[in-house]
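The first residue of the sequence shown is numbered 1, and numbering continues consecutively from there.
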Amino acid sequence: MADASPTKTGTETGDKPEPLKVLRIFRKEEAQDFGDAGHMSYVDDAPVIIDGLTKMGEAGVAEGYKGTCLFSGFGFSLHHFWFKPGYPLPLHSHDSDCLYYIVAGDIHMGTEHMGPGDGFFLPAETPYTYTIGEKGVEILEFRTAEDFNIQFKGKTEAYWEKMLEKLRNERPKWKEALPPSRDFRNA
(Lines give C-alpha, C1' and ligand atoms only; values in the text may rest on other atoms or scores of the structure.)
Protein backbone atom coordinates (compact mmCIF):
# COMPACT_ATOMS: atom_id res chain seq x y z
CA MET A 1 0.00 0.00 0.00
CA ALA A 2 1.40 3.41 -0.99
CA ASP A 3 2.04 6.04 1.65
CA ALA A 4 -0.47 8.85 1.13
CA SER A 5 1.29 11.24 3.49
CA PRO A 6 2.74 14.40 1.96
CA THR A 7 6.44 14.35 1.15
CA LYS A 8 8.80 16.81 2.78
CA THR A 9 9.85 19.78 0.70
CA GLY A 10 13.39 21.07 0.58
CA THR A 11 12.58 23.84 3.04
CA GLU A 12 11.20 21.38 5.59
CA THR A 13 14.37 19.29 5.47
CA GLY A 14 16.70 22.31 5.35
CA ASP A 15 17.92 21.47 1.84
CA LYS A 16 17.47 23.80 -1.09
CA PRO A 17 14.51 22.55 -3.17
CA GLU A 18 15.12 21.49 -6.75
CA PRO A 19 13.89 24.04 -9.28
CA LEU A 20 10.52 23.22 -10.74
CA LYS A 21 11.17 21.89 -14.22
CA VAL A 22 8.25 22.81 -16.40
CA LEU A 23 7.73 23.96 -19.94
CA ARG A 24 9.14 27.45 -20.25
CA ILE A 25 8.67 29.55 -23.35
CA PHE A 26 10.97 32.43 -24.15
CA ARG A 27 10.30 35.21 -26.61
CA LYS A 28 12.68 37.52 -28.42
CA GLU A 29 10.70 40.55 -27.22
CA GLU A 30 11.55 39.58 -23.62
CA ALA A 31 15.24 38.89 -24.24
CA GLN A 32 17.70 40.91 -22.20
CA ASP A 33 20.81 42.66 -23.39
CA PHE A 34 23.68 40.31 -22.60
CA GLY A 35 25.44 42.85 -20.37
CA ASP A 36 22.27 43.64 -18.45
CA ALA A 37 21.55 39.95 -17.83
CA GLY A 38 24.68 39.72 -15.66
CA HIS A 39 25.48 36.07 -16.35
CA MET A 40 29.18 36.51 -17.21
CA SER A 41 31.84 37.56 -14.73
CA TYR A 42 35.37 38.70 -15.49
CA VAL A 43 38.15 36.94 -13.57
CA ASP A 44 41.25 38.61 -14.97
CA ASP A 45 43.59 40.39 -12.58
CA ALA A 46 46.84 40.59 -14.56
CA PRO A 47 47.68 44.29 -15.10
CA VAL A 48 48.59 43.74 -18.77
CA ILE A 49 45.16 42.18 -19.45
CA ILE A 50 43.26 44.84 -17.52
CA ASP A 51 45.20 47.55 -19.33
CA GLY A 52 44.60 45.90 -22.72
CA LEU A 53 40.86 45.52 -22.07
CA THR A 54 40.65 49.13 -20.86
CA LYS A 55 42.32 50.39 -24.03
CA MET A 56 40.01 48.23 -26.18
CA GLY A 57 37.00 49.70 -24.37
CA GLU A 58 38.24 53.26 -24.86
CA ALA A 59 38.81 52.52 -28.57
CA GLY A 60 35.16 51.48 -29.07
CA VAL A 61 35.22 47.68 -29.03
CA ALA A 62 31.65 47.60 -27.62
CA GLU A 63 30.37 49.02 -30.93
CA GLY A 64 31.45 45.79 -32.65
CA TYR A 65 28.99 43.37 -31.09
CA LYS A 66 25.50 42.92 -29.74
CA GLY A 67 24.74 40.15 -27.29
CA THR A 68 21.34 38.96 -26.13
CA CYS A 69 20.40 36.52 -23.38
CA LEU A 70 17.55 34.51 -24.89
CA PHE A 71 17.12 31.99 -22.06
CA SER A 72 18.56 31.23 -18.66
CA GLY A 73 17.22 28.57 -16.32
CA PHE A 74 17.55 25.06 -14.97
CA GLY A 75 21.35 25.17 -15.29
CA PHE A 76 21.36 26.16 -18.97
CA SER A 77 21.65 29.38 -20.91
CA LEU A 78 21.26 30.44 -24.52
CA HIS A 79 22.80 33.61 -25.93
CA HIS A 80 22.76 35.17 -29.38
CA PHE A 81 25.74 37.26 -30.47
CA TRP A 82 26.20 39.38 -33.55
CA PHE A 83 29.86 40.20 -34.10
CA LYS A 84 30.38 42.80 -36.79
CA PRO A 85 32.89 42.31 -39.64
CA GLY A 86 36.46 41.88 -38.44
CA TYR A 87 35.60 42.15 -34.72
CA PRO A 88 38.84 41.46 -32.79
CA LEU A 89 37.89 38.57 -30.49
CA PRO A 90 40.74 38.09 -27.98
CA LEU A 91 41.89 34.61 -26.99
CA HIS A 92 39.84 33.61 -23.93
CA SER A 93 38.12 30.75 -22.09
CA HIS A 94 34.99 30.18 -19.99
CA ASP A 95 34.37 27.95 -16.99
CA SER A 96 31.42 26.16 -18.60
CA ASP A 97 30.98 23.84 -21.56
CA CYS A 98 29.50 25.54 -24.60
CA LEU A 99 28.02 24.48 -27.93
CA TYR A 100 28.23 27.14 -30.64
CA TYR A 101 25.97 27.27 -33.71
CA ILE A 102 26.49 29.69 -36.60
CA VAL A 103 23.20 31.22 -37.73
CA ALA A 104 24.57 33.53 -40.44
CA GLY A 105 27.90 34.90 -41.64
CA ASP A 106 31.14 33.04 -41.14
CA ILE A 107 34.26 32.59 -39.05
CA HIS A 108 37.73 31.11 -39.36
CA MET A 109 39.00 29.08 -36.43
CA GLY A 110 42.54 27.95 -37.02
CA THR A 111 42.48 26.26 -40.43
CA GLU A 112 38.72 25.67 -40.31
CA HIS A 113 36.25 27.88 -42.18
CA MET A 114 32.70 27.68 -40.79
CA GLY A 115 29.43 29.16 -42.03
CA PRO A 116 25.68 28.88 -41.45
CA GLY A 117 24.70 25.54 -39.96
CA ASP A 118 28.23 24.78 -38.76
CA GLY A 119 29.28 24.90 -35.15
CA PHE A 120 31.68 23.64 -32.55
CA PHE A 121 31.76 22.37 -28.99
CA LEU A 122 34.24 23.63 -26.40
CA PRO A 123 34.76 22.01 -23.01
CA ALA A 124 35.09 24.34 -20.04
CA GLU A 125 38.47 26.09 -19.65
CA THR A 126 39.44 25.59 -23.33
CA PRO A 127 41.11 28.73 -24.73
CA TYR A 128 39.78 29.81 -28.12
CA THR A 129 39.31 32.64 -30.56
CA TYR A 130 38.10 32.95 -34.12
CA THR A 131 38.30 35.48 -36.91
CA ILE A 132 34.99 37.01 -37.95
CA GLY A 133 34.27 37.09 -41.67
CA GLU A 134 33.58 40.01 -44.02
CA LYS A 135 29.83 40.07 -43.34
CA GLY A 136 30.18 39.46 -39.61
CA VAL A 137 28.68 36.48 -37.83
CA GLU A 138 25.58 35.67 -35.84
CA ILE A 139 26.16 32.82 -33.44
CA LEU A 140 24.13 31.00 -30.79
CA GLU A 141 25.88 29.90 -27.59
CA PHE A 142 24.28 27.03 -25.68
CA ARG A 143 25.90 26.79 -22.22
CA THR A 144 25.74 24.20 -19.48
CA ALA A 145 25.49 26.98 -16.91
CA GLU A 146 23.38 30.03 -16.26
CA ASP A 147 26.31 31.99 -14.86
CA PHE A 148 29.86 31.63 -16.18
CA ASN A 149 33.12 33.52 -16.35
CA ILE A 150 35.44 34.79 -19.05
CA GLN A 151 39.19 34.73 -18.71
CA PHE A 152 41.40 36.42 -21.28
CA LYS A 153 44.71 34.82 -22.25
CA GLY A 154 46.70 37.66 -23.87
CA LYS A 155 49.69 38.01 -21.54
CA THR A 156 51.82 40.64 -23.31
CA GLU A 157 51.48 44.29 -24.25
CA ALA A 158 52.36 43.33 -27.84
CA TYR A 159 49.32 41.01 -27.97
CA TRP A 160 46.96 43.78 -26.85
CA GLU A 161 48.55 46.30 -29.22
CA LYS A 162 47.84 43.89 -32.08
CA MET A 163 44.20 43.63 -30.92
CA LEU A 164 43.97 47.43 -30.76
CA GLU A 165 45.42 47.81 -34.25
CA LYS A 166 42.82 45.38 -35.63
CA LEU A 167 40.07 47.24 -33.76
CA ARG A 168 41.16 50.58 -35.21
CA ASN A 169 41.26 49.12 -38.74
CA GLU A 170 37.88 47.36 -38.54
CA ARG A 171 35.79 49.82 -36.51
CA PRO A 172 35.04 52.20 -39.44
CA LYS A 173 33.13 49.34 -41.15
CA TRP A 174 30.83 48.80 -38.18
CA LYS A 175 28.70 51.93 -38.57
CA GLU A 176 27.13 50.61 -41.79
CA ALA A 177 27.16 46.91 -40.85
CA LEU A 178 23.92 44.94 -40.85
CA PRO A 179 23.37 41.52 -39.26
CA PRO A 180 24.26 38.84 -41.83
CA SER A 181 20.91 37.07 -41.28
CA ARG A 182 19.20 40.00 -43.01
CA ASP A 183 19.75 40.26 -46.72
CA PHE A 184 19.04 43.89 -47.55
CA ARG A 185 20.90 43.75 -50.85
CA ASN A 186 17.80 42.45 -52.63
CA ALA A 187 15.29 44.68 -50.86
Side-chain angles (χ1 to χ4, degrees), residues 10 15-105 107 109 114 116-132 136-155 160 163 167 174 177 179-181:
D15 298 328
K16 185 177 179 184
E18 295 236 359
L20 182 61
K21 291 187 179 179
V22 296
L23 171 70
R24 189 164 145 198
I25 295 171
F26 58 94
R27 304 214 182 261
K28 67 180 177 181
E29 296 84 17
E30 299 167 0
Q32 284 186 290
D33 176 86
F34 180 75
D36 293 341
H39 294 291
M40 188 169 71
S41 60
Y42 295 83
V43 295
D44 297 297
D45 60 359
V48 70
I49 293 174
I50 293 170
D51 186 52
L53 291 172
T54 300
K55 288 177 181 176
M56 297 270 296
E58 291 169 351
V61 73
E63 297 170 22
Y65 73 94
K66 178 174 177 27
T68 308
C69 177
L70 300 171
F71 176 83
S72 180
F74 315 120
F76 295 94
S77 60
L78 172 60
H79 301 97
H80 173 271
F81 279 92
W82 168 35
F83 292 105
K84 295 180 181 179
Y87 180 85
L89 184 67
L91 183 66
H92 66 283
S93 66
H94 302 282
D95 64 349
S96 67
D97 295 341
C98 191
L99 179 64
Y100 297 82
Y101 177 82
I102 299 171
V103 175
I107 64 170
M109 180 180 261
M114 291 179 265
D118 294 334
F120 56 97
F121 171 80
L122 281 175
E125 308 299 345
T126 303
Y128 75 103
T129 187
Y130 47 81
T131 302
I132 286 83
V137 70
E138 287 182 73
I139 196 162
L140 293 174
E141 298 183 354
F142 301 85
R143 292 196 185 276
T144 58
E146 293 176 59
D147 297 322
F148 52 94
N149 74 17
I150 185 168
Q151 187 170 25
F152 292 95
K153 305 299 182 181
K155 303 292 186 194
W160 290 103
M163 291 277 95
L167 170 58
W174 297 346
S181 63

#### Entry: Where Met114 and Asp118 come nearest, the two heavy atoms and their spacing
CA-OD2, 3.4 Å
### Task
Please report the shortest heavy-atom distance between Val43 and Gln151, naming the atom on each side.
CG2-CB, 3.6 Å
### Query
So do Glu125 and Asp95 actually touch side chain to side chain, heavy atoms under 4.5 Å?
yes
### Query
Strictly by modelled atom types, are Tyr100 and Tyr128 linked by a side-chain donor-acceptor pair under 3.5 Å?
yes
### Message
Ring centres under 6.0 Å, that's the criterion: do Phe81 and Phe34 meet it?
### Response
yes
### Task
Would you confirm whether Lys153, through its side chain, and Ser93, through its main-chain N or O, come within 3.5 Å as a donor-acceptor pair?
no
### Message
Run the side chain to side chain contact (heavy atoms under 4.5 Å, CB included) test on His39 and Arg143 for me, step by step, so that the C-alpha distance in whole Å, both residues' side-chain angles and the decisive distance to 0.1 Å come before the verdict.
### Response
CA-CA 11 Å; His39 294 291; Arg143 292 196 185 276; over 6 Å; no
### Query
Does any non-hydrogen side-chain atom of Asp51 lie less than 4.5 Å from one of Trp160?
no
## Note on the structure
For Trp174 and Gly60 the tightest heavy-atom approach is CZ3-O, 3.7 Å
### Query
Measuring from Asn149:CG to His92:NE2, what's the distance to the nearest 0.5 Å?
10.0 Å
### Query
Can any side-chain N or O of Asp97 pair as donor or acceptor with the backbone N or O of Pro123 at less than 3.5 Å?
no
Side-chain donor-acceptor contacts of residues 64-78 below 3.5 Å, not counting sequence neighbours, with atom names and distances?
unit_1 : atom_1 : unit_2 : atom_2 : d
Ser72  : OG     : Glu146 : OE1    : 3.3
Ser77  : OG     : Ala145 : O      : 2.7

### Query
Does the side chain of Tyr130 come within less than 4.5 Å of Ile102's, by heavy atoms?
no
## Note on the structure
For Gly105 and Pro180, the nearest pair of non-hydrogen atoms, with its separation, is N-CB, 3.7 Å
### Query
Closest heavy-atom contact between Pro90 and Phe152?
CB-CD2, 3.8 Å
### Interatomic distance, Phe120 atom CZ to Ile139 atom CD1 [nearest 0.5 angstrom]
4.5 Å
### Task
Please check if the side chain of Ser96 supplies one atom and the backbone of Thr144 the other of a donor-acceptor pair under 3.5 Å.
no
### Query
Which value, rounded to the nearest 0.5 Å, describes the distance between Leu89 atom CG and Met109 atom CE?
8.5 Å
### Query
So, do Met40 and His94 sit near enough that their side-chain heavy atoms are less than 4.5 Å apart?
yes
